[in-house]
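This report concerns only the one structure given below.
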2 protein chains.
Amino acid sequence: MPHTYTYPRPALTVDIVVFGFDEGDLKVLLIQRGCEPFAGRWALPGGFVHLDETLEQAAERELSEEAGLRDVFLEQLYTFGALDRDPRERVVTVAYYALVKMSGHHLQASTDARAAAWHAVHALPSLAFDHAGILETALIRLKGKVRYQPIGFELLPAKFTLTQLQHLYEVILGRALDKRNFRKKILSMDLLVETAEVEQGVAHRAARLYRFDERKYRRLTERGFSFEI
Amino acid sequence: MPHTYTYPRPALTVDIVVFGFDEGDLKVLLIQRGCEPFAGRWALPGGFVHLDETLEQAAERELSEEAGLRDVFLEQLYTFGALDRDPRERVVTVAYYALVKMSGHHLQASTDARAAAWHAVHALPSLAFDHAGILETALIRLKGKVRYQPIGFELLPAKFTLTQLQHLYEVILGRALDKRNFRKKILSMDLLVETAEVEQGVAHRAARLYRFDERKYRRLTERGFSFEI
DNA sequence: CCAAAAGTGTTTCACTTACACCCATGA
DNA sequence: TCATGGGTGTAAGTGAAACACTTTTGG
């Protein structure tokens with residue numbers, strides 16, 4: 001690393017792909033832009049990195065400011081640095097992806113009064129900048145990671161049925177899973193604890209609710225256990 | 001993303017963890033710093049991102065300038081943005097990792113006359129900045145990725161013996177592998193082609209040399225094949 | 001009593017693992 | 001001829017995949 005600091009600098013932003021899961025569909029949180037460029041177009045939440053905050057803090061701040069989301073699963077995705085990704089000037093963006101329990105978070109009106117809304121991943125509008133590419137990268141990451149890390153639970157309510165969990169995996173992985181084999185496998189990992197409750201308000205036999213046991217997972221991981229679907 | 005561009009900006013650099021494999025050891029390329037801070041300490045090759053180059057181009061340029069390396073495997077690793085990672089001012093760095101065939105590349109004296117040298121991963125000097133953490137992250141990535149992507153070959157000469165390949169995996173994964181099972185598995189993938197040659201200059205039966213067949217791999221991948229050790 | 005989803009075991013097959021000896025070569 | 005690594009097959013065990021019916025509940 002040179003010792004001079006005289007180069008002109010690219011601008012640095014963070015953008016966040018926020019995933020949710022609802023009504024059997026994978027969703028992404030988008031914000032409608034109020035000004036040029038791409039005024040009126042949908043975009044990922046994000047903004048400039050301040051000098052007194054880390055990248056992750058910048059992402060958390062933007063999530064909080066633009067959508068009222070706090071305390072969600074957040075992980076760095078990739079850094080995008082194409083020369084023309086912003087038509088005005090050189091902007092490098094560090095992309096994150098977040099997983100939120102949609103049932104537990106209500107979207108707040110964004111601080112600066114721009115519209116924030118959930119969109120089904122399979123029915124997206126045209127996006128601003130290179131955000132379609134960022135989203136695509138996030139989907140690939142999610143699809144890969146969900147198989148060997150227990151992050152799927154971040155998208156479900158704290159208590160969920162095995163069928164909900166299976167549907168989640170089916171949507172993310174894009175293929176059907178065998179019900180018996182899925183249950184056998186997930187229960188054999190000993191990561192879920194059965195609650196005393198069952199789902200409410202269904203017109204058929206009510207399914208038992210389970211909870212993901214984070215402590216158990218950590219203990220197993222330390223002993224060399226590795227999650228895999 | 002806001003529409004104003006008035007914020008002060010962090011400096012933006014790239015740093016590269018260059019892995020090599022030689023004499024049964026995994027190595028990393030380090031550069032001895034000539035000036036403060038950390039004058040005399042070893043550091044990862046890297047430098048500022050220019051406005052007219054992508055992040056990957058910046059990494060390639062630094063590799064070429066500081067070590068004379070060109071046309072190597074290069075992949076983005078992670079972006080590090082801790083507030084105090086550079087004692088002078090705020091610097092965000094996009095880290096890459098590279099895999100090079102040590103037998104095929106000679107280290108050139110660096111353009112600006114700083115020393116570049118290979119260090120065994122298990123006998124590293126104290127590093128400048130947060131470079132020890134970056135290197136650690138790269139090792140974890142390499143260890144994970146080598147199991148499900150055929151990137152190990154990037155570290156070996158174009159023609160190699162099965163024993164060399166096995167040793168490479170053993171060093172990266174940090175555990176012994178069974179010789180017969182390893183050969184069975186790797187050959188059953190049908191990714192290696194036997195050359196007519198054998199290794200030279202050994203005081204025992206000479207091993208056959210193999211070549212990784214990139215075309216075959218791509219064709220298999222398109223048909224849903226997935227590499228796994 | 002009907003519709004709808006919950007819940008449950010067994011068999012088959014493929015893959016992984018463990019394991020030991022003879023062979024070829026150069027010194 | 002000896003030291004050194006090259007090269008090879010089989011059996012046992014484990015985990016994945018395929019597959020269909022009964023149970024519970026609310027309407």
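Chain letters run A, B, ... following the sequence lines, proteins first and then strands; every chain starts at 1.
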- Query: Taking CD from B:Glu199 and P from D:dG6, how many angstroms apart are they, rounded to a whole number?
  - Reply: 6 Å
Using distance only, find each side-chain donor-acceptor pair of residues 205-213 of chain B under 3.5 Å and give its atom names and separation, not counting sequence neighbours.
{"from": "B:Arg208", "atom 1": "NH1", "to": "B:Glu194", "atom 2": "OE2", "distance (Å)": "2.8"}
{"from": "B:Asp213", "atom 1": "OD1", "to": "B:Arg215", "atom 2": "N", "distance (Å)": "3.1"}
{"from": "B:Asp213", "atom 1": "OD1", "to": "B:Lys216", "atom 2": "N", "distance (Å)": "3.1"}

- Message: So does B:Asn181 get a backbone contact from the side chain of B:Asp178, meaning a donor-acceptor N/O pair under 3.5 Å?
- Response: yes
So which protein N/O to nucleotides 23-27 of chain C N/O distances come out below 3.5 Å?
none

- Query: Does B:Thr163 put a side-chain nitrogen or oxygen below 4.0 Å from OP1 or OP2 of D:dG6?
  - Reply: yes
- Note on the structure: 5' to 3', nucleotides 8-18 of chain C under a 4.0 Å protein heavy-atom cut-off (B base, S sugar-phosphate only, - none) gives BBB-----SBB
- Message: Using ring centroids (six-membered ring only for Trp), state whether A:Tyr78 and A:Phe80 fall under 6.0 Å.
- Response: yes
- Query: Is a side-chain N or O of B:Thr93 found less than 3.5 angstrom from the main chain of B:Ala95, in a donor-acceptor match?
  - Reply: no
- Message: Is the shortest side-chain heavy-atom distance between A:Val94 and A:Thr13 below 4.5 Å?
- Response: no
- Query: When the distance from CG of A:Leu177 to C1' of C:dG7 is rounded to whole Å, what number comes out?
  - Reply: 17 Å
- Item | Rounded distance (Å) that lies between atom P of D:dG15 and atom CZ of A:Phe182 | 19 Å
- Query: Any luck finding a side-chain donor-acceptor pair between A:Thr54 and B:Arg85 under 3.5 Å?
  - Reply: no
- For A:Arg175 and D:dA16, give me the distance from atom CZ to atom P, rounded to whole Å. 12 Å
- Item | CZ/A:Arg147: more than 12 non-hydrogen atoms of other groups inside 6.0 Å | no
- Message: More than 12 heavy atoms of other residues, nucleotides or ligands under 6.0 Å from CZ of B:Arg41: yes or no?
- Response: yes
